[in-house]
Chemist: 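My questions will all concern the structure given below.
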Amino acid sequence: MTEPTILTETHGRVGLVRLNRPDALNAINAQLTRELIAAVEAFDADEAIGAIVITGSEKAFAAGADIKEMEADSYLSNLITNKFSPWDRMLSVRKPMIAAVSGYALGGGCELAMMCDFILAGDNARFGQPEIKLGLIPGMGGTQRLTRLIGTAKAMDMCLTGRMMDAVEAERSGLVARIVPAAELLAEALKTAETIASMSLPAVLLAKEAVHRCNEVGLSEGLLFERRVFHSLFALEDQKEGRAAFVEKRKPEFKNR
Ligand code: CO8
């Protein structure tokens, strides 16, 4: 039987997915793609889960798409199979996903991290889009998400030279939300995810949707979307509870989690 390429665990209301191809620095092959997306979708559908963390090993979050597996790929096979298209399913995941990145996040690994809603980086993290060194360009969102996150100048630098960025530069550039000592990364990611999972789920889902809307529409449309969502949350008991708890100086007990 083929060994699984990921491991899943639950920690309270948090679903954890660990990439687990240690001999290949978690390079993303077809099996890992299938198993990772299925695991994330299962957590997304699970009422007991409120947030998801994706992580790798200490040495590598993921060192890219599996270069060895692509030996037989051709223009025709890529076109017919619409290579990398299964990753579009990550766009439909509604619960927040945090990438906890330790070590290398290169090529498809950096792109997987950017598919998550935000990245927490260990102080040993290194990000890069080295596809250019293989005579390629990023194919899982690198030219688009990286540019939105860090701007054209830095995205050009990364995609055209293939150089790596350390955690400090990644945080300064807006690629990562926070840097954590590598030894504390997973604990901090789980704690952050648990904090999110303790909030009102409808508010969390709508906050995620509203922030992502920013990349899809112009400012006035985005502001209108945000305002209408804000209005709608007053239809929920959790909003009454959140306000009452603040006034009564106690922790809110959200019903919809
Ligand atoms: N794919 C397959 N295997 C990999 C990958 C990968 N992306 N990265 C590392 N490995 C394997 C190595 O081949 C090695 O296996 P083995 O022991 O059998 O030789 C094992 O993992 C350990 O790697 P290293 O010995 O190289 O470890 P180092 O600590 O010396 O170096 C690095 C770590 C710097 C991360 C180095 O492994 C590296 O440069 N890896 C490749 C990084 C990269 O270029 N990533 C981008 C991939 S491209 C992509 O994501 C998009 C499309 C790819 C299409 C390719 C078609 C030709």
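Start at 1 with the first residue, then count along the sequence. Numbering of ligands and ligand atoms starts at 1, following listing order.
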Chemist: If the condition is salt bridge (Lys or Arg N to Asp or Glu O under 4.0 Å), which residues does D46 pass it with, not counting sequence neighbours?
Modeler: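 Result, salt bridge (Lys or Arg N to Asp or Glu O under 4.0 Å) vs D46: none returned.
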
Chemist: Could I get the full list of side-chain hydrogen bond (donor to acceptor under 3.5 Å, both in side chains) partners for E241, not counting sequence neighbours?
Modeler: R250

Chemist: What does the list of residues with a heavy atom under 4.0 Å from ligand 1 look like, ordered by chain and number?
Modeler: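 Protein residues near ligand 1 are D23, A24, L25, A27, K59, A63, G64, A65, D66, I67, K68, M70, Y104, L106, G107, G108, P130, E131, L134, L136.
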
Chemist: State plainly whether the residues E111 and R145 are in salt-bridge range, i.e. N to O under 4.0 Å.
Modeler: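 Salt bridge between E111 and R145, a charged N being under 4.0 Å from a carboxylate O: no.
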
Chemist: Starting from L186 and following side-chain heavy-atom contacts under 4.5 Å between hydrophobic residues (I, L, V, M, F, W, Y), which residues can be reached?
Modeler: V14, L16, V53, I98, F118, L120, V180, L185, L190, I196, M199, V204

Chemist: Can you tell whether the side chains of D44 and R94 come within less than 4.0 Å, N to carboxylate O?
Modeler: no

Chemist: Under 3.5 Å, is there a donor-acceptor pair linking the side chains of N124 and S102?
Modeler: yes

